[in-house]
Number of protein chains: 2
Amino acid sequence: MSDSDKILFTISKQALQRMPYYLNYLKTTCKGKMQNVSSRLIANTLHLNEVQVRKDLASVSRSGGKPKTGFAVDDLIRDIESFLGYNNVNRAVIVGAGQLGRALMAYTGFENYGLEIIAGFDSNENSIGTLPNGKKVFGMESLKRIRDELNVHIGIITVPAASAQSVCDELIKAGVRAIWNFAPTHLEVPENILVQNENMATSLAVLSNHLAHRMNK
Amino acid sequence: MSDSDKILFTISKQALQRMPYYLNYLKTTCKGKMQNVSSRLIANTLHLNEVQVRKDLASVSRSGGKPKTGFAVDDLIRDIESFLGYNNVNRAVIVGAGQLGRALMAYTGFENYGLEIIAGFDSNENSIGTLPNGKKVFGMESLKRIRDELNVHIGIITVPAASAQSVCDELIKAGVRAIWNFAPTHLEVPENILVQNENMATSLAVLSNHLAHRMNK
DNA sequence: TAGATTGTTAATCGATTAACAATC
DNA sequence: TAGATTGTTAATCGATTAACAATC
């Protein structure tokens with residue numbers, strides 16, 4: 001996290017990543033059933049520390065909580081969604097129309113989180129075509145044109161690790177501002193570009209290691 | 001992390017999660033091209049701290065590194081893979097044959113990480129059928145029988161958040177030892193069961209928040 | 001030998017948690 | 001008022017990093 005971030009936003013990445021959990025709990029369990037919710041209840045349900053929850057919520061809630069009452073559920077939902085930018089729809093393109101890329105393009109669940117995947121790109125001509133839910137796969141030469149036309153800010157990388165860096169470079173040249181990287185590799189980017197790694201190998205490592213060594217527990 | 005873990009394994013979850021990055025770098029960049037590699041080179045490439053890399057590698061490498069020489073690439077690959085349990089194939093079942101579940105079943109990339117997805121399960125009869133690469137989707141009533149027959153240890157949850165806990169309970173009752181949870185919700189499990197959360201909403205939160213607030217950077 | 005590189009012990013840093021005063 | 005709950009300041013904890021001695 002750079003210095004300028006720290007000044008503007010006093011929230012850690014960890015805290016930011018807890019927000020979807022709060023949001024899910026509030027929307028599925030609280031909304032409509034109760035007007036207010038206390039940090040203690042949230043903490044107990046999600047198995048977090050009460051103070052941590054209060055700190056997290058304090059950093060995104062406009063109106064704050066009220067002693068003896070807690071936080072207004074509807075306000076909190078609105079504030080978290082606004083903080084996360086789920087109001088603005090974030091348009092994205094996927095580069096790499098292999099199995100994982102196509103799966104993500106076909107997945108409609110992202111819309112709940114304000115993400116709209118517009119199109120896919122692939123350097124292999126055989127991959128070009130149209131997906132079930134109407135998303136097209138283009139050749140790489142169309143990347144910049146389409147990104148510019150539709151003002152896309154997010155690039156999703158689902159190519160093999162070996163070509164991830166060059167794809168990343170192309171996406172940045174085309175103008176995306178943030179990258180969601182599914183390749184299990186480190187990406188080199190300018191300071192003003194955000195890279196979020198979604199490394200399934202990382203999760204699998206935890207699972208697999210547990211099973212290999214800790215079955216006797 | 002429980003106490004018993006600490007005694008047996010002096011490696012943090014963070015360190016464990018860096019292993020796939022080391023492995024990928026070693027296999028794609030070092031293997032065949034150089035016999036030895038120094039922690040400094042790895043650290044520079046992956047943008048990590050040199051001491052951190054040495055500590056991480058020390059905790060998994062049998063032979064350790066040699067002053068002035070570094071670590072033997074092939075040995076290191078073998079040691080990390082063995083530590084991560086990528087040698088044993090870990091069998092898994094998926095519960096929830098919606099879009100995400102089917103996508104994961106169709107994805108063959110997991111085999112590189114020692115994971116083999118055997119079958120899918122869904123409570124909705126309409127979802128039952130066969131996938132392109134031969135994986136079948138069964139009704140929930142077959143879960144325990146198939147898990148027992150094939151000695152499956154990993155359960156993957158790709159149902160909506162609202163039903164994730166009950167699916168989790170069923171998986172544990174059926175006998176799985178570790179759960180890979182794609183639902184954006186906290187799961188309640190006995191102490192001896194490992195839950196690894198793969199929450200895409202969490203990653204999206206980081207991206208989306210960045211774009212909503214930090215575009216001016 | 002000198003220098004590169006490892007592995008370990010101590011210092012730093014940041015996040016979490018505890019203690020507590022403020023407030024409805 | 002008394003008690004529940006918030007928000008903040010201080011203490012703790014664990015991971016990262018720096019310093020350095022050991023070794024090839």
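Just the heavy atoms: all of them, side chains too, but no hydrogens, waters or symmetry mates, feed the values below. Just so it is clear: chains get the letters A, B, ... in the order the sequence lines come, proteins before strands, and each one is counted from 1.
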- Query: Does the side chain of B:Ile94 reach to within under 4.5 Å of the side chain of B:Ile157, using non-hydrogen atoms?
  - Reply: no
- Task: Would you kindly give the CG-to-P distance between B:Asn36 and C:dA4, to the nearest whole Å?
- Result: 17 Å
- Could you label the plane-to-plane angle of the A:Phe110 and A:Tyr107 rings as parallel, tilted or perpendicular, counting under 30° as parallel and over 60° as perpendicular? perpendicular
- Round to the nearest Å and state the distance from B:Arg40 atom CZ to C:dA4 atom P. 9 Å
- Item | Among C:dT8, D:dT5, C:dA19, the one nearest A:Val51 by side-chain distance | C:dA19
- Query: Is B:Glu170 salt-bridged to B:Arg147, cutoff N-O under 4.0 Å?
  - Reply: no
- Task: Let me know the distance between CD of A:Gln52 and P of C:dG14, rounded to the nearest Å.
- Result: 17 Å
- A:Lys68 NZ to D:dG3 P, straight-line distance once rounded to whole Å: 10 Å
- Would you mind classifying the nucleic acid contact of A:Lys66 as base, sugar-phosphate or nothing, using non-hydrogen atoms under 4.0 angstrom? sugar-phosphate
- Query: Among D:dG7, D:dA4, D:dA15, which is the nearest nucleotide to the side chain of B:Gln14?
  - Reply: D:dA15
- Presence of donor-acceptor pair under 3.5 Å, side chain of B:Lys55 and base of C:dT6: no
- Item | Whole angstrom value for the distance that separates P of D:dT16 from CD of B:Gln17 | 11 Å
- Query: Can you list every ring-ring contact (aromatic ring centres under 6.0 Å, His included) pair that touches residues 12-46 of chain A, not counting sequence neighbours?
  - Reply: none
- Watson-Crick or G-U wobble mate for D:dA21, both contacts under 3.5 Å: C:dT6
- Item | Neighbour count >12 (heavy atoms, 6.0 Å) for atom CD, A:Gln35 | no
- Message: For A:Thr69 and B:Ser39, find the nucleotide of DNA chain C closest to each by heavy atoms; which residue's nucleotide sits nearer the 5' end?
- Response: B:Ser39
- Message: Output the rounded distance in Å from CD (A:Glu50) to P (D:dT5).
- Response: 9 Å
- In whole angstrom, give the distance that lies between atom CG of A:Asp56 and atom C1' of D:dT6. 14 Å
- Out of C:dA2, D:dG7, D:dA4, which nucleotide sits closest to the side chain of A:Arg54? D:dG7
- Message: Partner lookup for D:dA11, please. Criteria are Watson-Crick or G-U wobble with both distances under 3.5 angstrom; report none if nothing qualifies.
- Response: C:dT16
- Message: As a test of reading the structure: which of D:dT5, C:dG3, D:dT23 is closest to the side chain of B:Pro67, going by heavy atoms?
- Response: D:dT23
- Query: Once you round it to whole Å, what is the distance between P of C:dT16 and NZ of A:Lys13?
  - Reply: 13 Å
- Item | Minimum-distance nucleotide to B:Ala58 side chain [options: C:dT17, C:dG7, D:dA15] | C:dG7
- Task: Among the candidates C:dA18, D:dA2, C:dA2, find the nucleotide nearest to the side-chain atoms of A:Asn49.
- Result: C:dA18
